Amino acid sequence: MLETGSVIDGKYKILYQIGRGGMSRVYLAINEKANKTWAVKEVRRDETVDEQMVRRRLMAETELLKRLRNPHLPRIVDVIDKEGSLLIVMDYIEGNSLESLLAEEGPQPQERVISWGKQLCEVLGYLHRQNPPVIYRDMKPSNVMLQSDGTVMLIDFGTAREQREQKTGDDTVCLGTPGYAAPEQWGGRGQTDARTDIYCLGAALYHLAAGQNLLELPCDADEVSEGELGLSPGFKAILLKCTRKDPKERYQSCEELLYALEHYEEMDSRYRRKQKRRAGMFFLVFLLALIFGFSGSAAYAKEQRLAADTWQAWMERAMSETEREAQIASYGQAIRLEPGKADGYLELLERVFLAVREDGSVCFSKEDEQYLRRLFRTETFGGKTRERVLKENPEEYDRLSYRLGLAYYYDYEGEGAKPYALKWLLTAAESETLPAECRERARRLGAIAGYYARLGLMDKAGDIQISYLDYWRDLKGLTEGNVAALDNPVTALRIYRELAGQAAGRWTEFQKAGVLQEEIEEKLREIQIHLEQDFTEGDWKQPGLWQMRLEVEGLLQEAIRQTEAVYECEELGKEV
């Protein structure tokens, strides 16, 4: 293990460890003379494995990368044989892997995934054009790094090989990752070639866009409808062609795949025209059947069934359901019928995903959030996503944005994810249809989300990057007015809990920033009055709300105690 501060080969000063694997560790290092940072991969010798095999594989990987030059590939600049280990100095790539992004945010927007796919097509095409061609063979989200400017970098060439045309037998024994690897990678099934990388890329893009690894699907990918995955017909068709079991049925080159990705919307249009023709034929047959075959009673029964299949009927059915899955399904049907109405999404969010538990907790889970994303991305018959249809009605979209912002802010995975809330809060803050109080609250919550990322950090001049005085004022502003009436009782209790919790936990910072004891105590007493006057007896009968009130009151008492203690200490210091 390399020590922090040690200098390797007289040039590379080790700063700290940034990653580790089974036999390797990766460090951030700096060449102080050139003022350039690098990543240093240390592969240590291990007596329990075939050291010569590992060394040959590692040297093959480094030699391969050393002669490749592409903006989507890291450069190898040095290989140092140090006693007990081999050190590889390479470009330091800032950013996160697509696997981490998928774990944090769930399925990614289709357009974003397509952009990554185009870039990966370019770098794989570059590899395949080498002489001899280089076959990567391990394309998966964890091997793709996303940089801050949106470009991707392909890492880990441990399974890559040069394609030799004279070889006719099997060229690999179970190399690759299940769920991404092509059938021919699993020993005894023939040679891997460019089409192998196309399969792996299609599987990786499928996972990024749909949120499911191919191994996790309950059936073959081509049996899953576009609506279930939130993918457009053209894009899904491309992914299905990439992942055909027979290499002859896939795209035969990355250039061919890149062209398809650049023109997937044309495939969408052809699909929609085909669907419209089918719908027209169905309608014609239906009319003829009505005229020539259906009796009056049958037509009446059909009419009654159609009348029952309305948005309102599904909304009422959802409210009457007692099982969670049945509620979700009913709200889903209502949203399918009226994607431009916010009520279906809002009630699904409020009554199901944000249902208050007996202990007063609320959790907007990752699974629920991913289901909501799929609802948004699913296309309507007119070819627009449901979110786009909803956006065309600003009043409805703003209402949902405000509520989603609060859900992400306070309840995502039980503790809230303030960065995820920013998009929705910004939309709500700029709304022309929401009440002024809601717009102002969205603005302040957005500001506070930014505070959380910067609290306690220092800028280059040594000054705190935010003002705790401004932070306190924004917290106060959230509690202005009768929040229970303006929003709802649950939101009010969450807001009161946040201010009381911050007053109890950051009283020293507020005091140093010049916030007066009287000001804090006045706001805490004001919250207590809100708790006593702004809620009805019916509110406290809702599951978990009384428990939330007790939690808020406990925080209020702790905040008052802490505030009195710190200001008493300040006064004693002045007297001394």
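The shown structure was predicted, so the numbers you read here are calculated from the model rather than taken from an experiment.
Of the possible polar contacts, one joining the Asn143 side chain to the Asp138 backbone as a donor-acceptor pair under 3.5 Å is found. Side chain of Lys366 to backbone of Ala103: a donor-acceptor contact under 3.5 angstrom is found. In terms of modelled atom types and a separation under 3.5 Å, the side chain of His72 and the main chain of Leu154 share no donor-acceptor contact. Arg250 places a side-chain N or O within donor-acceptor distance of the main-chain N or O of Lys245, the cut-off being under 3.5 Å. A donor-acceptor distance shorter than 3.5 angstrom exists from the side chain of Arg377 to the backbone of Ala209, with no hydrogens or angles considered. Here the side chain of Asp197 pairs a donor or acceptor atom with the backbone of Arg137 at under 3.5 angstrom. The backbone N or O of Thr4 lies less than 3.5 Å from no partner atom in the side chain of Tyr27, so there is not a single donor-acceptor pair. Looking only at distances, a side-chain donor or acceptor of Gln108 sits under 3.5 Å from a matching main-chain atom of Gly106.
In this structure, the side chain to side chain contact (heavy atoms under 4.5 Å, CB included) partners of Glu509, at least two apart in sequence or on a different chain, are Tyr468, Arg506. Applying the side-chain hydrogen bond (donor to acceptor under 3.5 Å, both in side chains) criterion to Gln370, with sequence neighbours excluded, gives no partner residue. Checked against salt bridge (charged side-chain N to carboxylate O under 4.0 Å, His left out), Glu99 has no partners two or more places apart in sequence or in another chain. Residues satisfying the ring pair (Phe, Tyr, Trp, His ring centres under 6.0 Å) criterion with Tyr496, sequence neighbours excluded, are His530. Residues passing the side-chain hydrogen bond (donor to acceptor under 3.5 Å, both in side chains) test with Arg195, sequence neighbours excluded: Asp193, Gln252. Among residues two or more places apart in sequence or in another chain, the side chain to side chain contact (heavy atoms under 4.5 Å, CB included) test is passed with Lys523 by Trp472, Lys476, Thr479, Glu480, Leu499, Glu526, Ile527. For Thr151, the side chain to side chain contact (heavy atoms under 4.5 Å, CB included) test picks out Gln119, Gln147, Asp149, with sequence neighbours left out. Residues that satisfy the side chain to side chain contact (heavy atoms under 4.5 Å, CB included) test with Ile560, not counting sequence neighbours, are Leu524, Glu564. With sequence neighbours excluded, no residue forms a side-chain hydrogen bond (donor to acceptor under 3.5 Å, both in side chains) with Lys241. Every residue two or more places apart in sequence or in another chain that forms a salt bridge (charged side-chain N to carboxylate O under 4.0 Å, His left out) with Glu558 is listed here: Arg561. For Arg473, there are no side-chain hydrogen bond (donor to acceptor under 3.5 Å, both in side chains) partners two or more places apart in sequence or in a different chain.
With a 4.5 Å cut-off on side-chain heavy atoms, Val144 and Trp116 do not count as touching. For the pair Gln110 and Leu231, the minimum side-chain heavy-atom distance is below 4.5 Å. The closest side-chain heavy-atom distance from Trp38 to Lys11 is not below 4.5 Å. Counting only heavy atoms from C-beta outward, the side chains of Arg494 and Asp411 approach each other to under 4.5 Å. Side-chain contact check for Arg403 versus Leu406: some heavy-atom pair is nearer than 4.5 Å. Side-chain atoms of Ile8 and Val89, non-hydrogen and from C-beta on, never get closer than 4.5 Å to each other. Side-chain contact between Leu469 and Val515: present, with at least one pair of heavy atoms (C-beta onward) separated by less than 4.5 Å. Side-chain atoms of Thr196 and Glu184, non-hydrogen and from C-beta on, do get closer than 4.5 Å to each other.
The CG atom of Leu239 lies 8.0 Å from the CG atom of Leu261; values are rounded to the nearest 0.5 Å. Rounded to the nearest 0.5 Å, atoms CE (Met90) and CZ (Arg75) are 12.0 Å apart. Residue Ile14 holds its CD1 atom at 11.5 Å from CD1 of Ile30, rounded to the nearest 0.5 Å. Note that CG of Leu201 is 5.5 Å distant from CG of Leu120, once rounded to the nearest 0.5 Å. Distance check, rounded to the nearest 0.5 Å: CD of Gln502 to CG of Leu475 gives 6.0 Å. Atoms CD1 and CZ, from Ile114 and Phe235 in turn, are 4.5 Å apart once rounded to the nearest 0.5 Å.
Residues Ser401 and Thr427 come closest through the heavy atom pair OG-CG2, 3.5 Å. When every heavy atom of Ala559 is checked against every heavy atom of Ala500, the shortest pair comes out as CB-O, 3.8 Å. Among all heavy-atom pairs drawn from Leu2 and Glu42, the shortest one is N-OE1, 3.7 Å. Listed here is the closest heavy atom pair of Ala39 and Val26: CB-CG1, 4.2 Å. Shown here for Cys242 and Leu257, the closest heavy-atom pair between the two residues is SG-CD1, 3.6 Å. The two atoms that bring Pro74 and Ile93 nearest to each other are CB-CD1, 4.0 Å, heavy atoms only.
Phe364 and Phe353 have parallel rings, their planes meeting at less than 30° on a 0 to 90° scale where 60° marks the start of perpendicular.
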Stepwise, does the salt bridge (charged side-chain N to carboxylate O under 4.0 Å, His left out) test hold for Glu105 with Lys423? CA-CA 13 Å; Glu105 299 182 4; Lys423 166 192 171 181; over 6 Å; no
Run Asn213 and Tyr180 through side chain to side chain contact (heavy atoms under 4.5 Å, CB included) and show every step you take. CA-CA 8 Å; Asn213 185 293; Tyr180 306 103; 3.3 Å; yes
Working note: Leu87 + Tyr12, criterion side chain to side chain contact (heavy atoms under 4.5 Å, CB included); need CA distance, chi angles, decisive distance, verdict. CA-CA 11 Å; Leu87 305 179; Tyr12 308 108; over 6 Å; no
Pair Met145-Ser97, side chain to side chain contact (heavy atoms under 4.5 Å, CB included): steps then yes or no: CA-CA 4 Å; Met145 298 291 291; Ser97 71; 3.9 Å; yes
Can you list the steps and then say if Ser6 with Lys13 is a side chain to side chain contact (heavy atoms under 4.5 Å, CB included)? CA-CA 6 Å; Ser6 61; Lys13 183 177 181 180; over 6 Å; no
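Note on residues 120-134: pairs passing salt bridge (Lys or Arg N to Asp or Glu O under 4.0 Å), not counting sequence neighbours, are Arg129-Glu255.
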